[in-house]
Amino acid sequence: MNYISTRGNAPALGLSAALAAGLAADGGLYVPRSLPKFSPSDFDDCHDLPRIAERLLEPFFAGDELGAELPAICRQAFTFDAPLRALATPQDHVLELFHGPTAAFKDFGARFLAACMQRLPGDTGKPLTIVVATSGDTGAAVGAAFAGLPGFKVAILYPDGRVSPRQAHQLGCFGGNVRAFRLAGAFDDCQRMAKQALGDAGLRAIAPLSSANSISLGRLLPQMAYYADSALRHFRATGAALNFVVPTGNLGNAVACVLARACGLPIGRIALATNANRVLPDFFAGADYAAQPSVATIANAMDVGAPSNFERLTWLYPDSAALRREFVAASIDDDTIRATIRERRARYAEVFCPHTATAVHLLEILRTTGAAKAGEDWAVVSTAHPAKFDSIVEPLIGAQVPVPPSLAALLARPAHADPLANDYGALREILLA
Ligand SMILES: *Cc1c(COP(=O)(O)O)cnc(C)c1O
């Protein structure tokens with residue numbers, strides 16, 4: 001399989017080269033030149049997530065030096081389940097993606113990327129530093145995935161005072177080869193400084209750097225596997241396709257769902273829930289696509305004004321009228337997120353994180369309006385465990401949220417983050433040291 005740029009002006013690369021490059025040379029995103037076509041029976045002998053991932057990703061690894069390693073990569077990355085559970089409302093389900101070490105779906109992508117990068121040939125003998133800017137969840141997932149991995153260091157940049165207390169603790173708890181920096185600035189400043197470092201050829205000649213952001217194929221490809229797994233389980237039980245509502249920021253998770261469907265998995269419709277950042281709902285309502293400044297919400301991992309994977313969506317659906325017909329999208333504001341968390345707990349004893357609550361509410365809208373028909377099975381995608389956002393969720397439900405064991409283990413460790421000035425020179429000095 002070769003990978004081409006969404007902008008069409010960069011050479012096609014094999015998987016390993018595309019993984020190492022991150023962004024294509026023309027500024028586009030790598031996409032597979034063609035998509036394999038599966039039918040559900042192709043997975044008849046695959047009964048767990050690592051096996052389904054292996055079968056699904058085989059064509060994407062074909063012809064690459066990492067191909068022979070794919071079974072080992074899948075076994076190393078997919079060590080926890082993505083259960084599909086019934087909700088209290090009929091024919092509604094939740095796909096729980098938060099059973100990994102840092103209690104958010106980003107563990108799947110980060111662990112798979114780390115397992116791939118560990119097997120790519122290094123060219124220097126010097127450790128490779130992964131520079132990651134985070135609004136909270138990505139940094140922890142990347143830190144956990146690379147912690148203790150020989151040959152790698154991680155530098156996490158997060159906006160001081162703008163992540164939840166538990167997110168901050170997680171970011172600073174790894175120690176060893178993972179360092180956390182609390183930057184005196186906003187997430188955009190963290191991202192700008194990380195980009196500046198990655199574009200600093202003089203720095204990279206001395207201190208090899210790489211990124212782990214959501215446009216990486218190493219994060220996108222494995223995310224298809226949990227959609228395949230849940231859709232196949234549902235199909236085997238009912239003979240019908242499963243429809244999804246995906247909470248969306250940069251569209252990484254949602255594009256993985258779209259790709260899995262395009263590869264022939266039994267996935268029906270896909271609805272996109274955003275928070276008050278409404279670039280996508282505006283586009284799907286007919287406006288021209290235009291990036292907007294991001295606004296801060298209580299679903300902070302989705303505070304995105306320019307969804308980076310939008311280019312992959314328009315590559316898949318070049319005709320915007322067709323693209324608009326294909327998806328439903330809605331913006332859910334903070335008050336509605338709060339009301340949804342409160343009501344689902346009071347009426348059904350269900351507790352959701354603020355991100356997941358956007359999708360729960362969108363499904364409620366689809367059911368009420370009849371857009372999601374009686375008889376159709378829908379799954380809300382749960383992107384994080386509510387205990388990760390205890391400071392928002394607990395006051396709303398008036399109760400404590402039990403902390404899952406893996407998250408408790410991280411919170412029990414001491415945490416430390418170094419202060420960092422909002423100045424590229426300061427970061428450069430640290431990376432050179
Ligand atoms: C990152 C994140 C999202 C958004 O995912 P995208 O792939 O950027 O759309 C949603 N919820 C949580 C909890 C996240 O960490």
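The first residue in the sequence is number 1, and the count goes up from there. Any value given below was found using the heavy atoms of this structure, including those in side chains, with hydrogens, waters and symmetry copies removed. For ligands, and for the atoms within them, numbers begin at 1 and follow the listed sequence.
- For ligand 1, the 4.0 Å heavy-atom shell takes in Phe105, Lys106, Asp137, Thr248, Gly249, Asn250, Leu251, Gly252, Asn253, Ala301, Met302, His355, Thr383, Ala384, ordered by chain and residue number.
- Every residue was checked against the salt bridge (Lys or Arg N to Asp or Glu O under 4.0 Å) condition with Asp303, not counting sequence neighbours, and none meets it.
- Legend: residues meeting side-chain hydrogen bond (donor to acceptor under 3.5 Å, both in side chains) with Arg192, ordered by chain and number and at least two apart, are Asp189, Asn422.
- Not a single salt bridge (Lys or Arg N to Asp or Glu O under 4.0 Å) links Arg324 to another residue, sequence neighbours left out.
- Ala103 and Leu407 get closest at one heavy-atom pair: CB-CD2, 4.3 Å.
- When ring centroids are compared, Phe108 and Phe80 come within the 6.0 Å threshold.
- In the displayed structure, Asp319 atom CG is contacted under 6.0 Å by more than 12 heavy atoms of other residues, nucleotides or ligands.
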